[in-house]
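Labels below follow one simple rule: chain letters A, B, ... track the order of the sequence lines, proteins then strands, and each chain is numbered from 1.
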Amino acid sequence: MLETIIGLAADNLLSPIILFFALGLLASFLKSDLTVPEAAAKALSIYLLFAIGYKGGVSVSDHGIDQTLLLTLAAGVVLSFALPLIAFALLKVMTRLNQTDAAAVAGHYGSISIVTFVAATSVLQSQGMASEGYMVAVAAAMEAPAILSALWLASRGGNRSSGSGEDSDGLLREILLNGSIVLLVGSFLIGLITGKEGLAEIESFIVSPFKGVLCLFLLDMGLVAGRGLRSSSKVLTPGLIGFGVLMPVIGSLFGLAAALTIGLSIGGAVLLMTLSASASYIAVPAAMRVALPEANPSIYLTMSLGVTFPFNLTIGIPLYLSLATALGG
Amino acid sequence: MLETIIGLAADNLLSPIILFFALGLLASFLKSDLTVPEAAAKALSIYLLFAIGYKGGVSVSDHGIDQTLLLTLAAGVVLSFALPLIAFALLKVMTRLNQTDAAAVAGHYGSISIVTFVAATSVLQSQGMASEGYMVAVAAAMEAPAILSALWLASRGGNRSSGSGEDSDGLLREILLNGSIVLLVGSFLIGLITGKEGLAEIESFIVSPFKGVLCLFLLDMGLVAGRGLRSSSKVLTPGLIGFGVLMPVIGSLFGLAAALTIGLSIGGAVLLMTLSASASYIAVPAAMRVALPEANPSIYLTMSLGVTFPFNLTIGIPLYLSLATALGG
Amino acid sequence: MLETIIGLAADNLLSPIILFFALGLLASFLKSDLTVPEAAAKALSIYLLFAIGYKGGVSVSDHGIDQTLLLTLAAGVVLSFALPLIAFALLKVMTRLNQTDAAAVAGHYGSISIVTFVAATSVLQSQGMASEGYMVAVAAAMEAPAILSALWLASRGGNRSSGSGEDSDGLLREILLNGSIVLLVGSFLIGLITGKEGLAEIESFIVSPFKGVLCLFLLDMGLVAGRGLRSSSKVLTPGLIGFGVLMPVIGSLFGLAAALTIGLSIGGAVLLMTLSASASYIAVPAAMRVALPEANPSIYLTMSLGVTFPFNLTIGIPLYLSLATALGG
Amino acid sequence: MDTNTAKRVEIIIEAPMEERLTSALEGAGVTGFTVLPVLGGSGRSGRWSREGQISRAGGMVAVICIIREERLDELLEAAFKVVKRHIGVVSVSDCEVLRAERF
Amino acid sequence: MDTNTAKRVEIIIEAPMEERLTSALEGAGVTGFTVLPVLGGSGRSGRWSREGQISRAGGMVAVICIIREERLDELLEAAFKVVKRHIGVVSVSDCEVLRAERF
Amino acid sequence: MDTNTAKRVEIIIEAPMEERLTSALEGAGVTGFTVLPVLGGSGRSGRWSREGQISRAGGMVAVICIIREERLDELLEAAFKVVKRHIGVVSVSDCEVLRAERF
Ligand SMILES: Nc1ncnc2c1ncn2[C@@H]1O[C@H](COP(=O)(O)O)[C@@H](O)[C@H]1O
Ligand SMILES: Nc1ncnc2c1ncn2[C@@H]1O[C@H](COP(=O)(O)O)[C@@H](O)[C@H]1O
Ligand SMILES: Nc1ncnc2c1ncn2[C@@H]1O[C@H](COP(=O)(O)O)[C@@H](O)[C@H]1O
Ligand code: NA
Ligand code: NA
Ligand code: NA
């Protein structure tokens, strides 16, 4: 099996998307002035959410709603709530982060990174493996619960959370209705409603150019991750780096267990593992700034974008694929 | 016929573009933070103007210049000049707007919304109906005259318009050379010159991805319209809402009369009706801010983008199509 | 041969990309408010660099590394170093620019304009002529050396360059690692590594829509060039205009000589001529602002973007193609 | 020209807090403000830049608020409540305004 | 360092009026100004945001102009003529400038 | 509210010099600054606009720096060294800040 992992990882490492991520990293380490304008980066992310949401919806409309859909959604929500608790315990053992920082970091690992998900989808595709279309909806469902776990963990440590009832209502609304969830779920539902026919109309916008757009997006992520690593490398203790590599693997095992219990396809299992393994870098950081302003953003952003994201992209996904094939096949 | 309208409208309501508009509306009603960056929204609108202008020009170069071209252009200009007068009279009856606000709103209904035009084109396409390629040029010709009517209406009410001769010259230039007219007409002419051969070179940029881009654009329009409705709903009296629904139908009938007189194809008639029915939300609002600053922008923007645009998109276009088929077929 | 040039030029003049450039020029002369947002323009240029770099790399991976590759790279570097010296001498004869301004302008003509290169590629394509894929790498290699020549020329004139040792190191790094070089070279290398297989994955993003994106980009360049010409036309003396037309032709002859010596294909020769003939408007101006702030930016920007770029686009490229065919065929 | 004295308050604050800040200002009776984009900056929490960012988490905005002197304290208190636990800089300077009836 | 006193004028005005304002400033002998983008704001005519907008109608810009005290009145009069019938805020504050010869 | 006096320095400078300026500021012990985008402007070297630009050469940024009065001279000297040969405007005004311990 190790051979398969290495073979897959090697293949993966030489795919354009990984190489463009590496280019971005390199450019920022070299202090090149290469940058993607904020508006362009946001437009790319809108495109990706729109495309994967829609395609997921079409796929569900095509294959019919699987009996496992609800089960998997529920599993996703449970994982998102639970993984931060595990992450928090691990952080307490492996690092010397204070309660608040540990809670904030833990929250990121319960939630998900949609680009990691997309990268896993494209590895599956290149291996010719099918997966459940509704996994996109599971991804959306896993974005938010982890934030609540993080806030609970922080409050246990005596951190009075963001104050009054009014305010925490506002926060909950903000978390559940953040732009990426709304766009992902909305596009999923529209894909579900309009189905194959709708897809035919917009296919040449959301299917064929997808990989190329993803390359540009990963270039930008490499630039941003590299800039973060450069300016925050001092926060990265060995313990934190170890956590950033260990936690995704642990997460993926929980994801695998859930997938096997539910009876997902191997492709679906890989995706659920990837979601469990990935760490948020859009929705959770924004929520943390509002609700846990005392937590140090350099720590959680650097961990999520600078350590765990590249790990999943290069080694993680091939590993999860091999594990799922070995145990689920 | 009612059945056809309802059938068409139902089909239409479930098309991706309408659903994405609805998603945008919903997201802003729910106060989601989903937004499209200004630069991205402008880029999308540049793409749309470029693509439809160019395709219109190619279509004219392909079919030759129809004898009816000049007639239709002239009809468009006359409609754009005349419809504000009707709109103004109607506003005076149906609402309690003051002279200036009524003039400003009226101006919007003489001018056109290019996205409504595009939506009508795509309904025609899905019905397999042809239309005159030069209708794009007619759209461009109808953008500006209505503004002059609006200024005249306002000045009758004693509103000293934007001052000295120099200034009103500047205004006229600004109106006639506003970015969307220049891009639309320019792309049309370039399409006309380069023809099918030119189109072949850039087809996979402006034809195949078009519908998908339109979905994103409508998502943004939904977001902007929703935000406008949320913050300006108090200006929307029942009279104004009634006007926003009645005026497009009246406009479309004038458009139909012109189309029948000229002898346009049914598809062409639907487009001229749609142009007459639609209300501007780019060129005219900008001109009004300069020339009629006393007019309240929330009123005209909310009417145009929040009431008439969705009406045309959902019910209007199927209605105009049925009318044109019934009367022109 | 004159006939061929005129024929080619006429064809070329009516291609969509030239016409969109002309539309941009016209719109800005007419003071239309048509503009492309800065972020969108930057995104377009990222797309172009990404696409041409990658395609160049794939082409090299496909045809194998030509023995002439290193020779051509070396020739490019020498040309980039040498052409500013010729340009400087010519400027001293033809114009009354001071030492600093002349050095700054000269630097632009040793470096390259990637869009001119792309335009030449697309003319070659439409003529069915092949060229060496690594010319993209040559383009990248020619960006920076000219800047050093310009600084040397300026310092000879007693202009203390940008100060201390630390600073000039910083400058060198900035020049060599500027965003466009990094993206171009990086994409080239990734194309080289991932080859045809990689291209297949992202082809429908970087190949088919390319020409259309180029049209939009040239529209923007027309707008920017026109704005520059309008506001800086007073700096354009007849001598400068003469230089802006003569220097590219001289440059192209040096490029041709090098190409013939090395034994490039005719297509390759045309591209090396075009690179030699073209003047920078991204990397060099930014470097000049840092290192030669006393030089007047209106002069070099207007020359590069307002005179030489349109000359190359319309007359230059067909001329170089005819020359290369006549002498190299 | 006829001008009146007023205060110009400039609040540089994290983008995810913008909504809360402007609501608090409105709560304190502020009738107008303007939001400017911020490209990047540096402070005790390090250097940051907006380029390439897709999350609002890392960005900031500058809120400018011109106000009559007598309302300043109320504004500052409202602003302080929001800013207190957050990254953010609040500065006040004197200014003169045209059309004072607007403030 | 050697500084000189000057006035800093900040004019927040509707985007479609920018061209007219800057022409008027130039007409009044102003030799320099800087235009900043504005993301959004709120005032008597309600709240607005630039996000997703494609029309210039809804946007605003901030024009900053540093000027010698003795030229202030002329500037304000020119600005006022343009702003008067429009939405817009004009504020003036004291400042010190380096390189006063530039103003 | 409790405020302390400070100085607000605003430096409008060419985009390619931003990095050098902020490094110089940090070298002079400045602990915080904020960079705002600039859309366009006009000065002795003519009018310019950011729209459609892809080169950083033509653009400018505004760097705002709030600082204790006693550190002003050091800051201005550092800034002046960078700006001296370049296009750029440096202005200083008085302000009051909340949370003075941050500066
Ligand atoms: N002294 C200052 N002057 C101007 N802006 C500042 C200053 N200090 C902090 N900032 C801004 O506030 C942000 C957060 O500051 P801090 O909380 O110190 O990390 C910085 O990134 C800057 O954008
Ligand atoms: N007191 C104020 N302070 C800062 N900006 C303001 C103020 N009042 C109005 N503005 C700006 O000017 C715009 C128009 O104001 P108004 O004419 O009151 O609707 C607002 O959207 C704000 O951007
Ligand atoms: N008096 C001024 N007030 C505000 N900004 C200015 C002023 N003078 C120059 N600028 C800005 O600095 C840039 C360069 O000025 P200059 O060196 O005079 O060409 C201009 O484009 C403006 O953005
Ligand atoms: Na996770
Ligand atoms: Na109309
Ligand atoms: Na050259």
Item checked: Over all atoms of both residues, closest heavy-atom pair of B/E201 and C/K211 ->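 Result for this residue pair: OE1-NZ, 2.5 Å.
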Margin query: If you count heavy-atom pairs within less than 4.5 Å of chain B, which of C/L26, C/V207, C/L14, C/L216 leads?
Written below: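 Most pairs with chain B among the choices: C/L216.
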Distance in Å, [X] [atom1] paired with [Y] [atom2], rounded so as to fall on 0.5 Å steps:
X	Y	atom1	atom2	answer
C/L219	B/F50	CG	CZ	8.0 Å
C/I17	B/I190	CD1	CD1	11.5 Å
C/D33	B/I175	CG	CD1	11.5 Å
B/S204	C/F210	OG	CZ	12.0 Å
C/C215	B/F205	SG	CZ	8.5 Å
B/L177	C/L34	CG	CG	10.5 Å

Next item on the list: List the steps and the verdict of side chain to side chain contact (heavy atoms under 4.5 Å, CB included) for B/I193 and C/L19.
Entry: CA-CA 9 Å; B/I193 297 172; C/L19 291 171; 4.0 Å; yes
Check: Taking everything shown except C/Q127 itself, do over 12 heavy atoms lie less than 6.0 Å from its CD?
Finding: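 Atom CD in C/Q127 is crowded, with more than 12 foreign heavy atoms closer than 6.0 Å.
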Notebook entry, point to check: Any side-chain heavy atom of C/L30 within less than 4.5 Å of one from B/V182?
Noted result: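 In short, these two side chains do not touch, never coming nearer than 4.5 Å.
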Check: How about C/P37 and B/I46: do any of their side-chain heavy atoms sit closer than 4.5 Å?
Finding: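 SC-SC contact between C/P37 and B/I46 confirmed.
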Notebook entry, point to check: Contact part of B/S187 toward chain C, heavy-atom cut-off under 4.5 Å: side chain, backbone, both or neither?
Noted result: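 It is both, since atoms from each part get that close.
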Margin query: So for C/T35, is it side chain, backbone, both, or neither that comes closer than 4.5 Å to the heavy atoms of chain B?
Written below: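 Answer is backbone: N, CA, C or O of C/T35 sit under 4.5 Å from chain B.
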